[in-house]
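For reference, the structure discussed in these notes is given below.
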2 protein chains.
Amino acid sequence: MNESDFLKNYDKRSFDTPLITVDSVLFTCHEQRLHVLLVKRDEHPDKGCWSLPGGFIDQTIDTCLEDTVRRKLKQKTGVDAPYVEQLKSYGGNARDKRGWAVTVCYSALIAFQACEAHVASVSDARWHPLDDIAELALAFDHETLIMEARERLRQKALYSIVPAYALPEQFTLPELQKLHEILIDKPLQKKSFRRRIEQAELLIDTGLKRSESGRPASLYSLKADSAEFTFLRNLEN
Amino acid sequence: MNESDFLKNYDKRSFDTPLITVDSVLFTCHEQRLHVLLVKRDEHPDKGCWSLPGGFIDQTIDTCLEDTVRRKLKQKTGVDAPYVEQLKSYGGNARDKRGWAVTVCYSALIAFQACEAHVASVSDARWHPLDDIAELALAFDHETLIMEARERLRQKALYSIVPAYALPEQFTLPELQKLHEILIDKPLQKKSFRRRIEQAELLIDTGLKRSESGRPASLYSLKADSAEFTFLRNLEN
DNA sequence: CTCAGATAGTGACATAACGACACTTATTCT
DNA sequence: AGAATAAGTGTCGTTATGTCACTATCTGAG
């Protein structure tokens, strides 16, 4: 039998394949706290629990996994997230009551202001402070997904400025430093922090921000695709 | 309807879900070259092409994705790989002629000697020098998977000694350094290399190895689970 | 048996990045 | 005007690394 005959007769629905979904841990920084976007499930299983934005692949419109992720995120936020990164896949027979299930988990970052209005208009979506999710009823193994994504973001904060995507397009260095301090849960030396960033040339200066009090701070934005660029050392202080 | 009624009536086979598989890029170091284990496909699609060891999840015996990976690898190598790490998932409608397909790609390392005999006895499995795979006919998008896994391993070589799992359990520092040099394709200063490792205390000294010529070299082996421990800086020389 | 060659491993100094912290500058509020 | 606050800099000591010469130990040729 040649390949085209094989494919003509092939029916992948004749196999019992695991369920496959994508899920995203969308982070933002709001009022000096890290938040995650959660969606209240209104269908079984785990009906009524909070879950990560995500779901099944639409084979008719998604050409790859990231298409699914961005589509699902846009439904909840109204905008395309500036940073989306695949983290890890979880698969097993115990994750989902419906049976063997695989989910490809992504992490994403967005500025709170960029989607504030749209999120408020979506009835089942809500930002939750990360420190509060232990008290929520979470669907499936999503608490694990969130915690592992949180840990990855903490690691990123040690050697990159990826977290900057959780801030508005323009931000000051003290604002960025504060975010890093939240992420790694430790105060940082401002001199060291500035040096690391200046040296790596990851940001561009875009003017001055008139401050409420104190000196005016320079506004920065991310240099094109500087996301993954690394500092030279780990942050230890 | 309550949840248990819902689950009773739920049939995941009524949906057309993508195909889902796992694949592993198993590396080893042999005769100063990096090799990858490939398997010759004897079924459609891409019959006759070389592919990565992997395949479908067996929902009756695998409880998680890594179970599938280790099971498939053991079929080809005869032993359990000492290092297995999930890298990335690939999904899309163009990867596999059978339709929308997702694969969870793992990277694994093993000592050549640990599985030399068994691999030789498996008719469809063979080690291929990494530099030669461009000339092979590879199935699906497996060339991409291999290249991205190769790049990840290169990165690991810059800040960890994970590559040591591609060596026998006991090895000398010059052997490890040579492997890193192969991975990052650049000569390294032995003094710097030794210092980085000694400082991080990633290895334990286990005796002396009588050399063919030159001074006898100390044998080392990995400290328990020191795999991911990092050096403090990137290797630049 | 001895010495050359090869390889393992060390000593030592210069450089670069970082930690720490005091200091300067600019703005707001009283 | 002066205190308070916050942005941003100067500077010094420490640490890790780059570089490279040097020592030590083995093999093998003559």
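Every chain is numbered from 1, with letters handed out A, B, ... down the list of sequences.
Proximity of B/Thr172 to the phosphate of C/dA8: no side-chain N or O atom is located under 4.0 Å from OP1 or OP2. Between A/Gln199 and C/dC18 there is a side-chain N or O to OP1 or OP2 distance below 4.0 Å. Side-chain nitrogen and oxygen atoms of A/Ser218 include at least one within less than 4.0 Å of the OP1 or OP2 phosphate oxygen of D/dG8. Put simply, B/Ser192 has no side-chain N or O that comes within less than 4.0 Å of OP1 or OP2 on D/dT17.
In this structure, CG of B/Leu188 is placed 15 Å from P of D/dC20, rounded to the nearest angstrom. Atom NZ in B/Lys178 sits roughly 14 Å away from atom C1' in C/dT7 (whole-Å rounding). Regarding B/Leu219, its CG atom lies at a distance of 12 Å from the P atom of C/dA8, rounded to whole Å. A/Gln177 places its CD atom 11 Å from the P atom of D/dG8, with the value rounded to the nearest Å. Rounded to a whole Å, the CZ atom of A/Phe193 is 17 Å from the C1' atom of D/dT9. At whole-Å resolution of the value, CD in A/Glu181 and P in D/dA6 are 13 Å apart. Here the C1' atom of nucleotide D/dA7 and the CG atom of A/Leu176 are 15 Å apart, to the nearest Å. Atom CG in A/Leu158 sits about 16 Å away from atom C1' in C/dG19, given to the nearest Å.
Between D/dT17, C/dG19, D/dC20, one nucleotide has an atom nearer to the side chain of A/Gln189 than all others, and that is C/dG19. Between C/dG9, D/dG18, D/dC26, one nucleotide has an atom nearer to the side chain of B/Arg194 than all others, and that is C/dG9. When each of D/dA7, C/dG9, C/dT27 is scored by its nearest atom to the side-chain atoms of A/Arg210, the top-ranked nucleotide is C/dT27. In this structure, of D/dG8, C/dT27, C/dG11, it is C/dG11 that holds the atom nearest to the side chain of B/Lys191. Side-chain proximity of A/Arg196 to D/dT17, C/dC18, D/dA7: nearest is C/dC18. The listed nucleotides are D/dT17, D/dA7, D/dT11; the one nearest the side chain of A/Pro174 is D/dA7.
Between the side chains of B/Ser221 and B/Thr206, no donor-acceptor pair is found at a separation under 3.5 Å.
Taking A/Lys178 as the reference, nothing meets the salt bridge (charged side-chain N to carboxylate O under 4.0 Å, His left out) condition, with sequence neighbours excluded. When the salt bridge (charged side-chain N to carboxylate O under 4.0 Å, His left out) test is applied to B/Arg33, the partners found at least two apart in sequence or on another chain are B/Asp132. The salt bridge (charged side-chain N to carboxylate O under 4.0 Å, His left out) check on A/Arg195 picks up nothing, with sequence neighbours excluded. Residues satisfying the ring pair (Phe, Tyr, Trp, His ring centres under 6.0 Å) test with B/His30, not counting sequence neighbours, are B/His35, B/Phe112.
Sequence neighbours left out, the pairs with a member in residues 131-153 of chain B that pass ring pair (Phe, Tyr, Trp, His ring centres under 6.0 Å) are B/Phe140-B/His142.
Take the nearest nucleotide of DNA chain D for A/Ala217 and for A/Arg195: the residue whose nucleotide is more 5' is A/Ala217. DNA chain D is contacted by both A/Glu175 and B/Pro216; A/Glu175 maps to the nucleotide lying nearer its 5′ end (nearest heavy atom per residue). In terms of position on DNA chain C, the residue among B/Tyr220 and A/Leu208 whose nearest nucleotide sits closer to the 5' end is B/Tyr220.
Residues B/Asp124 and B/Lys76 are paired through a salt bridge, judged by an N-O separation under 4.0 Å between the basic side chain and the carboxylate.
For the side-chain contact (heavy atoms from CB on, under 4.5 Å) with B/Leu167, the qualifying choice from B/Leu179, B/Leu222, B/Leu109 is B/Leu179, the only one to do so.
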N/O-N/O pairs, protein side and nucleotides 22-24 of chain D side, under 3.5 Å:
none

